[in-house]
**Student:** 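The structure follows.
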2 protein chains.
Amino acid sequence: MSKETSAEEKILTAARRIFENKGMSGARMQEIADEAKINKSLLHYYYRSKQKLFEAVFKSAFNTLSPQINTILSSDKDICEKITDFTYNYTSFMVKHPYLPNFILQELNRNPEFVTELISSKNIPGMKKFKNQIKEAVKKGKIKDISAEQLFINILALNIFPFIGAPLLKGFLETSDKEFKVLLENRKTEVADFIIQSIKL
Amino acid sequence: MSKETSAEEKILTAARRIFENKGMSGARMQEIADEAKINKSLLHYYYRSKQKLFEAVFKSAFNTLSPQINTILSSDKDICEKITDFTYNYTSFMVKHPYLPNFILQELNRNPEFVTELISSKNIPGMKKFKNQIKEAVKKGKIKDISAEQLFINILALNIFPFIGAPLLKGFLETSDKEFKVLLENRKTEVADFIIQSIKL
DNA sequence: ACATTTGCTGACCATTTGGTTAAACTGTTT
DNA sequence: AAACAGTTTAACCAAATGGTCAGCAAATGT
């Protein structure tokens, strides 16, 4: 915002804002330029094309989301503590960036090959460790028998969906934005309880 | 597909297909015309504009999804049976229409006022009945104390998210399309178990 | 058989949009 | 102060895109 921020940075910030709520095809280069308060040509000066600019934004967004998900797979914490922590941290973070999950999943659905590209380039930990952790916990009788995959899906679903489905949920629940925020606030702890309740013996 | 299907119908089918995986702004009228194998002008003959055509597709899609969600709110079944049925029916249906949830939520996020419009026009049952059902069940000691809103969010999250998040999940889980389909198949019953496990005393 | 409505198409148009280019401006080096 | 490199802008451009329109074709009515 200040005069000090470089043009390149201003562009990225503006592009983030526009792409995140209009998507790749809905965004206009002119609109991004206006948002950044610079000339449209400057966009092409720093990023050669719309596609390139978009990729910069997308990768940056994905690299914000994916480390959080990775903590589930790679942290050494106890499974229950892991769930509690993730739920709290993820929801806290997403309340501040509510468009992020929608943006990422949207473009991922439109362009599924992105995933393989991004996941193979970044060091995604893989399921092995998490699978072992669940298998161990089941064997030791700490939790009920559940597949690591399904548990993983459930954890993500319960945490991510409220942000993607917000407009739908607000409609069906007949809640105002404020009331919905309260619901989200409560989920920071309730979701973990819900999951743990379901897997503990 | 056959010669018998009217042009109007062919257009709607083609538009559905294109809009569902490119979104409003990503779809091209020419592309829809090609898909329907008719002249582009005919699109404007039956539907005056891209916007109108899109709205026809969107409403049709929303009217496919919303009755399913309504069953949670309005059916008279026992809460557990309701969850079991919904989980099975919804997932079965979505496996055949995997783009639907993503399409609807995408456009709803871009255009949140759609919800109020659609929900007020259609007879959405409202939360009252469901809230009472939960309150009753809690009082009778059938289930643990949980807010109807949170339970509702959780049910939708666990059922809808796997379809919206499919590319992301496939990436992290390192599963092929086939393996992922198996996971979805298992969810038809496992999700209900998961939820019920979590709310029962 | 003729007229009239209805369905359908090719050619065309105005605007939008991503992208280019040459020139101007700014700060730094010589 | 002149030369130079990096940054920014206005003016343009070609292609794409949503939309129109006059007319053809095929039913439908009389």
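Chain A is the first sequence line, chain B the second, and so forth, proteins listed ahead of strands; every chain is numbered from 1. As the structure is a computational prediction, the values presented were derived from the model and not from experiment.
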**Student:** Does a side-chain N or O of B:Tyr45 approach OP1 or OP2 of C:dT6 to a distance below 4.0 Å, or not?
**Tutor:** no
**Student:** For the side chain of B:Lys50, starting at C-beta, report the closest nucleotide among D:dG18, C:dT20, C:dG7.
**Tutor:** D:dG18
**Student:** For B:Asn39 and D:dG23, give me the distance from atom CG to atom P, rounded to whole Å.
**Tutor:** 17 Å
**Student:** To the nearest angstrom, how far is B:Glu55 atom CD from D:dG18 atom C1'?
**Tutor:** 16 Å
**Student:** Choose from C:dT20, D:dT9, D:dG19 the nucleotide whose nearest atom is closest to any side-chain atom of A:His44.
**Tutor:** C:dT20
**Student:** Distance check needed: D:dT8 P versus A:Leu43 CG, whole Å only.
**Tutor:** 12 Å
**Student:** Atom CE of A:Met29 to atom P of D:dC13: distance rounded to whole Å?
**Tutor:** 20 Å
**Student:** Compute the centroid of each ring, for B:Tyr99 and then for B:Phe103, and state whether the two points are separated by less than 6.0 Å.
**Tutor:** no
**Student:** Side chain of B:Ser49: nearest nucleotide among D:dG19, D:dT20, D:dT8?
**Tutor:** D:dG19
**Student:** What is the distance, to the nearest angstrom, from the CD atom on B:Glu9 to the C1' atom on C:dG7?
**Tutor:** 16 Å
**Student:** Starting the side chain at C-beta, find the nucleotide from C:dG18, D:dG19, C:dC8 nearest to B:Lys40.
**Tutor:** D:dG19
**Student:** Whole Å only: how far is the CG atom of B:Leu42 from the C1' atom of D:dA26?
**Tutor:** 14 Å
**Student:** Using a heavy-atom cut-off of under 4.0 Å over every strand shown, decide if B:Ala27 touches base, sugar-phosphate, or nothing.
**Tutor:** sugar-phosphate
**Student:** Side chains of B:Asn102 and A:Arg110: is there a donor and an acceptor less than 3.5 Å apart?
**Tutor:** no
**Student:** Would you classify B:Tyr46 as touching base, sugar-phosphate or nothing, given that sugar-phosphate means primed atoms plus P, OP1 and OP2, and contacts are heavy atoms under 4.0 Å?
**Tutor:** sugar-phosphate
**Student:** Would you mind reading off the distance between A:Ile38 atom CD1 and C:dC25 atom C1', rounded to a whole angstrom?
**Tutor:** 16 Å
**Student:** Going through the checks in order, is the side-chain hydrogen bond (donor to acceptor under 3.5 Å, both in side chains) test met by A:Gln30 and A:Asp34?
**Tutor:** CA-CA 6 Å; A:Gln30 186 60 58; A:Asp34 292 348; 3.0 Å; yes
**Student:** Quick one: which of D:dA11, C:dC8, D:dC21 gets closest to the side chain of B:Ser41?
**Tutor:** D:dC21
**Student:** Are a donor atom and an acceptor atom from the side chains of B:Asn132 and B:Glu136 found within less than 3.5 Å of each other?
**Tutor:** no
**Student:** Going by an N to O cut-off under 4.0 Å, is there a salt bridge joining A:Lys131 and A:Glu149?
**Tutor:** yes
**Student:** Below the 4.0 Å mark, does C:dG18 have OP1 or OP2 next to a side-chain nitrogen or oxygen of A:Arg28?
**Tutor:** yes
**Student:** In this structure, how many angstroms lie between the P atom of D:dT8 and the NZ atom of A:Lys37, rounded?
**Tutor:** 16 Å
